[in-house]
Amino acid sequence: MNEVTLLAASAVPVGKIQSRPEAPDQILEHELLSEVVRQSLAQANVSKTEVGAMIFAEPHIYTKQKYFATFMAGYLGMKCEGAVMEILGNGMTGGLVFDRAVDEVRLGRTEVALALGVNLETAVPATEHMNYTMRATGDVDFQAPAGFTPISWYAMDAVRYMHETGATREQISSVAVKNRKHAMLNPLAQFRKPMTIEDVLASKPIVHPLSLLDVPPRSDGAVCLVLASRRVAEQSGQPYVVLRGRGSYHEGVHQIADAPADMIAFDAARRAGKALYDDAGLTPDQIDIAEVYAPCTIVEILVAEALGLLEKGKGAEQTEAGETTLGGRIPINTSGGCQSRGHPARLTPLYNALELYQQLTSQAGPRQVDGARIGLMCCELGNYNAALTHVLETA
Amino acid sequence: MNEVTLLAASAVPVGKIQSRPEAPDQILEHELLSEVVRQSLAQANVSKTEVGAMIFAEPHIYTKQKYFATFMAGYLGMKCEGAVMEILGNGMTGGLVFDRAVDEVRLGRTEVALALGVNLETAVPATEHMNYTMRATGDVDFQAPAGFTPISWYAMDAVRYMHETGATREQISSVAVKNRKHAMLNPLAQFRKPMTIEDVLASKPIVHPLSLLDVPPRSDGAVCLVLASRRVAEQSGQPYVVLRGRGSYHEGVHQIADAPADMIAFDAARRAGKALYDDAGLTPDQIDIAEVYAPCTIVEILVAEALGLLEKGKGAEQTEAGETTLGGRIPINTSGGCQSRGHPARLTPLYNALELYQQLTSQAGPRQVDGARIGLMCCELGNYNAALTHVLETA
Amino acid sequence: MIEHVIPMTGNRPYPPRTSGFTKTFWDGIAEGRFQTTTCTDCQKTTFPPKPICPACMGANVEWKEISGRGTIYSYTIIHAAPSIFAHETPYAVGIVDTPERLRIGARLLIPQERLQVSMPVAVGRMEYEDGPFFGFVEAEGHGTK
Amino acid sequence: MIEHVIPMTGNRPYPPRTSGFTKTFWDGIAEGRFQTTTCTDCQKTTFPPKPICPACMGANVEWKEISGRGTIYSYTIIHAAPSIFAHETPYAVGIVDTPERLRIGARLLIPQERLQVSMPVAVGRMEYEDGPFFGFVEAEGHGTK
Ligand SMILES: [Zn+2]
Ligand SMILES: [Zn+2]
């Protein structure tokens, strides 16, 4: 099977982009994304005729143009011998998009595949958006009527983690402070002003014990990655990274199991991590940087523990001690993470891949991790009931 | 790479299943599909622990349970090392689901993958449903405001075909009569009463020159296919078919090109067909039966011509002459096709695969094509701007 | 048996659907029985109730009443809710583990300052104007310590 | 130049959105100009107008007025429409090929009994109460045969 590289990654800065319905000049989904595609192909130094597959994150229901993938293939006049499709899978959407684009190259159906999408939601108030998303993160008949919200499950992870480990709220929230420090150095990040632990603790309560600055903002985005065969990457003359391994696991649970179990072990992440390390022939200590899908502060701690990047039960403490900060032992979410880079939910894993691309090709500017050669990314379904992992390596 | 088989295929009869919002007893999407999954695993003689991937057609927006794939993995307690995801791609949705489930086995991520889904839409009036679907089959700003409907594009194929070839309305509509004959023999078909060409011609005009019986009905459905490695299939002791080849092409057009071109050549189907024949080492005359995605009568003629199963420009005439009828030279849509088997749009390609499975394992009962060993299926995006083809063969 | 009844204001913000199968559960809630399904082939009990067994994929399940008692595995207090639930904020939800080895996500009708992990709870019927739903209250006898 | 104006009843059933980029097109329709974009790098003209060139993926495009003339490649008459268009049924839509080698899908404001493949047509402005949209009418001089 073909070796696969990540040859280019372009995106708009994460932020509030969606236009309100009454705005005279509308931001159109296809205009926004077309420009990102154009930039990514220029960056990759490949012509559009070489592109043979386009795998899209399905846009939100608010996006007017439906069957967006095939519409875009027409808009861009992109002839493809490989797949043109849209994928949906919660927070894993972007990860599955990446994975499928990789597969099209791996299986030899094309030498260049795009993994791309647009996420527009911020003009819809959070309280309205949640009327929809609460039906995605729970059983609509047995759990949604109780009033669970998507991040309420993560909040329960936090309560349980504090109960079991004695971790403090300050330690958990130190993730947000660390991520803000990173975001201040990232031009694509949504929030870049200085922020202290006091700011986090004093922010509005959202889902106890998590406050506004522990949880993801509303974010829009548009991103396009260029996956290419090693041959195309070499001929491009451009910097690129190589996909070294992957792992995947779904534990057969949606939010909570139907029987008591250790919810905060993030067992799917542990198993997808093990599969990744086996596939790549690596151990956790060989990972230089990690971009993990972690909408809330607590989630970053739990997934980093499950992946063996932080010590089980000590992740909050280690985060507070700076181990995951730029310059620390294992920098995590140098992009700024969901809290500060922002969280255009269906694209977050693609923005994470972009960060790894920039770091591993030494294009991360002031937030560059010295000597970063091996980067891990991980995303999820539900309350990390499933995880998908990839490891990328400097070419 | 692993050889892939289709080891089982279960479905509910196509028809009106969706409950109206005010009905006291609701048909629940997950209860409907769970029973189909249970039956397909029993039919395949594989245990649920062997299933390692579940690829879903994304349900319509009307389906209350969102992120349906991961919900179902939880509902069924299905632990998966391969992908759990939802796919969207117009009429190609079911085909892409099939293709991705095949890939999970092909790539060795699991030995058993399910390709499945539920399509519930019939309680929503067609005129309301079209307010949504018209945004999928055209540019929402430049075409939808003109009032194009999804099948209006096919109607324009018919007008052009009649203009170029001299084919008659009766010849085109003979597809519907032939398909009804087939559906009368298919217990899964939605419409099974006898029907004549006069009935078609006398039915209500929908999109000139097509009438009610030329176009697809509204249909619900639920289906599950079991894709398995050759090893698992052999050990099962059950009948199975082998995937012999595939092809795919997107012409970079959505509905109509931005420049004059031969719209009724269905060039994407021609190219995906050629890719299929090359991959499988076959010629069109070696195909015993074909199940093609063809919402309207004219579409079956055009795609069959593009795939080399009927003669270019003579497809309507050959259909009227019985060449594609059971017992004819190349039986097409022995299931009854979209018009009579029914058209649960996002699942139609999966129902087509089910028909090939039944025919190629000699389980098609009174509609069995004698000696059928090689079956082709094809589905599409837009106005056949993209096509995805597979050929299955008796084991 | 459901011993606790909690009066609620207005209609259920997001009423559950009832199928031919789940009717037994919802009728039970209305009539004071907390029930789920058990597989008669492999004895697996599951919640929510299901017409197929998620352990063995059999279709032989039977309804049985369960204790409705359990302990809080974790909980949270929701301050930012979907608009349809906004009038009930802040409210608590939690994860309850039961002696039947079931895990149930539900509303916790317990004062915020009393909520704690491992607290014993009992099922209750939330009595909305348009129909019932289930939630958990602090188990009797627990409050005395 | 758009020479034909067709009065329409009520508002546009599905009004198009306007972006900073497409404003030029829609303003042109309102003002009697039928325009699209051409790539200044490879000369490709495209319809609908686009800020990037679908032939070479460049971003150097310029607006130009086009003839608004063409011939019908195919057409249909819609009897069963989305509910928002129901009051306009039956109406005709079609595919128009232009001398600039563009293909355009649009409403055909032509009596049903006169519609035929290859008929010459010209662009017109559909004048709804809330704003304009474009469609095609039978070209002048064609009706005399
Ligand atoms: Zn069982
Ligand atoms: Zn150009």
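All chains are named by letter (A, B, ...) in the order of the sequence lines, taking the proteins before the strands, and each is independently numbered beginning at 1.
The candidate from Met134(A), Gln65(A), Arg271(A) with the greatest count of non-hydrogen atom pairs under 4.5 Å with chain B is Gln65(A). Most heavy-atom pairs under 4.5 Å with chain B, from the set Cys80(A), Gly52(A), Ala53(A), Ala83(A): that is Cys80(A). Here Asn90(A) is the residue among Asn90(A), Ile87(A), Val84(A) with the most heavy-atom pairs under 4.5 Å with chain B. Of the residues considered (Leu388(A), Thr70(A), Asp99(A), Ile61(A)), Thr70(A) shows the highest number of contacts with chain B, using heavy-atom pairs under 4.5 Å.
Salt bridge status for Arg106(A) with Asp103(B): absent, with no side-chain N to carboxylate O gap under 4.0 Å. Of the charged side-chain nitrogens involved, none lies within less than 4.0 Å of a carboxylate oxygen, so that Glu86(B) and Arg346(A) do not count as a salt-bridged pair. Taking a cutoff of 4.0 Å between a charged side-chain nitrogen and a carboxylate oxygen, Glu58(A) and Lys66(B) do not qualify as a salt bridge.
Here the CZ atom belonging to Phe71(A) is positioned 14.0 Å from the CG atom belonging to Leu381(B), to the nearest 0.5 angstrom. Considering CG of Asp258(B) and OH of Tyr75(A), their distance stands at 11.0 Å, rounded to 0.5 Å.
Proximity to chain A (any heavy atom under 4.5 Å) is restricted, for Glu104(B), to the side chain, taken from C-beta onward. For Leu107(B), the part sitting under 4.5 Å from any heavy atom of chain A is the side chain, from C-beta outward, and nothing else. In this structure, chain A has a heavy atom under 4.5 Å from the side chain of Leu96(B), while its backbone stays farther away. Looking at Asp139(B), the atoms closer than 4.5 Å to chain A (heavy atoms on both sides) sit in the backbone and in the side chain alike. Heavy atoms of Thr63(A) lying under 4.5 Å from chain B belong exclusively to its backbone. For Leu28(B), the part lying under 4.5 angstrom from a heavy atom of chain A is the side chain only.
Listed in order of number, the residues of residues 245-253 of chain A that approach chain B to under 4.5 Å between heavy atoms are Arg246(A), Ser248(A), Tyr249(A), His250(A), Glu251(A), Gly252(A), Val253(A).
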side-chain contact (heavy atoms from CB on, under 4.5 Å) between Met85(A) and Arg100(B), worked out: CA-CA 11 Å; Met85(A) 63 194 286; Arg100(B) 295 293 122 174; 4.0 Å; yes
